[in-house]
Student: 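My questions all concern the structure below.
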Amino acid sequence: MQNVLIVGATSAIAEAVARRYAARGASLFLVGRRADRLATIADDLRVRGARATHTHSMDINDLAAHADLLAQAWQALGRVDVVLVAHGTLPDQAACEASVATCMAEFATNGTSTLALLGPVANRLADAGSGALAVITSVAGDRGRQSNYVYGAAKAAVSTFLSGLRQRLAKQGVAVVDIRPGFVDTPMTAHLRKGPLWATPDQVARRIVAGIGRSTPVLYAPGFWRLIMTVIRLLPQALFNRIAL
């Protein structure tokens, strides 16, 4: 019977993860921007077996509101066993290149807002001496590519932050899981052409829940992305410059 806090709970992957925890009888605290959508998801999770559901509507870029979010989550759940941070956007790279304001706004949503949240969450879990902190980053953070380097840079920043947190929190008995999905067929990627490397949200969610349970430090989802990104990272720069990725 776990208590789970999910930030960005209206995303397709996060909702699929929540359904798996609900089937185990977990209590869930769901955070997102749309109160109506959160309420719908919460109702569905109770039908699927969740012991209790709580919702909290906010804009994650409102950094001053993070403290209230965490206070309410801990008050509602009592003890938090799993924190999953899953919010984010998929920026238009060309728009980011054309506008500094757009670039910084997207970096804030995908990077800065997450870093601001992780510090206080880490402190709470460290004080409890238990729990798992899992964050959805991306394979895009493994190496900057011309097609999405603003998004990739934000995710790389989060991954580096998580690496430091992992080393720090290991001494307090807290697991830190960096979840790096590849291509996932979600509403956020509806405009993109699909191919054999694409996964469904439920396929990724199954791997996420299992990886959190095993305290896997860096979790590629699906697993074959570890090999793909190893090859991409090892490409010599001269060759890398000649290909389109």
Side-chain angles (χ1 to χ4, degrees), residues 1-35 37-58 60 66-88 113-114 117-137 158 162 165-166 169 172-181 184 186 201-217 219 221:
M1 295 294 188
Q2 291 180 301
N3 297 329
V4 182
L5 165 60
I6 301 180
V7 179
T10 59
S11 75
I13 295 175
E15 184 178 358
V17 169
R19 288 176 177 177
R20 290 186 169 272
Y21 279 118
R24 298 181 175 190
S27 291
L28 297 120
F29 192 98
L30 310 173
V31 182
R33 286 182 298 173
R34 292 178 51 192
R37 180 71 180 127
L38 287 172
T40 299
I41 293 172
D43 290 343
D44 176 71
L45 295 177
R46 284 192 292 272
V47 172
R48 293 174 183 271
R51 187 166 75 254
T53 58
H54 313 270
T55 63
H56 182 84
S57 178
M58 66 170 292
I60 200 65
H66 288 189
D68 182 57
L69 153 66
L70 298 181
Q72 290 195 36
W74 257 259
Q75 181 178 15
L77 297 175
R79 181 197 73 251
V80 178
D81 302 300
V82 176
V83 178
L84 174 64
V85 179
H87 69 274
S113 66
T114 302
L117 181 66
L118 292 182
V121 169
N123 292 341
R124 285 178 175 268
L125 295 178
D127 288 344
S130 64
L133 173 54
V135 183
I136 296 181
T137 60
V158 175
L162 290 173
L165 278 184
R166 186 179 304 113
L169 295 179
Q172 278 78 42
V174 178
V176 175
V177 182
D178 181 349
I179 302 160
R180 302 182 185 181
V184 186
T186 69
D202 191 60
Q203 288 173 325
V204 173
R206 183 186 309 118
R207 187 162 173 81
I208 287 173
V209 173
I212 292 173
R214 294 191 301 266
S215 300
T216 305
L219 181 72

Student: Considering only heavy atoms from C-beta outward, does the side chain of Ile6 approach that of Phe29 to under 4.5 Å?
Tutor: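 No. Closest side-chain heavy atoms not under 4.5 Å.
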Student: Can you find a pair of side-chain heavy atoms, one from Leu162 and one from Leu118, that are under 4.5 Å apart?
Tutor: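 Counting from C-beta outward, Leu162 and Leu118 do come under 4.5 Å.
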Student: Looking at Asp81, Val85, Val83, which one forms a side-chain contact (heavy atoms from CB on, under 4.5 Å) with Leu5?
Tutor: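 Per the side-chain contact (heavy atoms from CB on, under 4.5 Å) rule, the option paired with Leu5 is Val83, out of Asp81, Val85, Val83.
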Student: How long is the gap from CG on Leu117 to NE2 on His66, to the nearest 0.5 Å?
Tutor: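 If we round to the nearest 0.5 Å, Leu117:CG and His66:NE2 are 5.5 Å apart.
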Student: Ignoring hydrogens and geometry beyond distance, is a side-chain donor-acceptor pair present between Arg51 and Ser27 at under 3.5 Å?
Tutor: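 A pair is found: one side chain offers a donor N or O, the other an acceptor, under 3.5 Å apart.
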Student: Can a side-chain donor-acceptor contact be found between Thr114 and His87 if the only test is distance below 3.5 angstrom?
Tutor: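 Per modelled atom types, His87 and Thr114 side chains form a pair under 3.5 Å.
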Student: Salt bridge or not between Arg20 and Asp202? Use side-chain N to carboxylate O under 4.0 Å.
Tutor: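 A salt bridge links Arg20 with Asp202.
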Student: As an exercise, state the distance from CZ of Arg166 to OG of Ser215, rounded to the nearest 0.5 Å.
Tutor: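 Output value for this atom pair is 10.5 Å.
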Student: Does Val177 reach the side chain of Ile208, with side-chain heavy atoms less than 4.5 Å apart?
Tutor: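 When only atoms from C-beta onward are counted, Ile208 and Val177 do not touch, as no gap falls below 4.5 Å.
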Student: For Ile13 and Val184: C-alpha separation, side-chain torsions, deciding distance, then whether side chain to side chain contact (heavy atoms under 4.5 Å, CB included) applies.
Tutor: CA-CA 8 Å; Ile13 295 175; Val184 186; 4.1 Å; yes
Student: With heavy-atom distances below 4.5 Å as the criterion, would you say the side chains of Leu28 and His54 are in contact?
Tutor: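 No, side chains not in contact.
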Student: Taking atom CZ of Arg33 as the centre, report whether more than 12 heavy atoms of other residues, nucleotides or ligands fall under 6.0 Å from it.
Tutor: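 Count not over threshold, so no.
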Student: Quick one: does Val121's side chain get under 4.5 Å of Val7's, heavy atoms only?
Tutor: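 In short, these two side chains do not touch, never coming nearer than 4.5 Å.
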Student: How about Thr10 and Arg34: does a side-chain donor come under 3.5 Å of a side-chain acceptor?
Tutor: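 Per modelled atom types, Thr10 and Arg34 side chains form no pair under 3.5 Å.
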Student: How long is the gap from CG on Leu219 to CD1 on Ile212, to the nearest 0.5 Å?
Tutor: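 Nearest 0.5 Å value for the CG-CD1 distance: 8.5 Å.
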Student: How about Ile136 and Val204: do any of their side-chain heavy atoms sit closer than 4.5 Å?
Tutor: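 A side-chain contact is absent here, since even the closest heavy-atom pair is not under 4.5 Å.
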Student: Step by step, would you call Asp178 with Arg180 a salt bridge (Lys or Arg N to Asp or Glu O under 4.0 Å)?
Tutor: CA-CA 6 Å; Asp178 181 349; Arg180 302 182 185 181; 3.0 Å; yes
Student: Heavy atoms, side chains only, cut-off 4.5 Å: are Leu45 and Glu15 in contact?
Tutor: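 No, side chains not in contact.
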Student: Would you say that Asn3 contacts Trp74 through its side chain, given a criterion of any heavy-atom pair below 4.5 Å between the two side chains?
Tutor: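 The answer is no; the side chains never approach within 4.5 Å.
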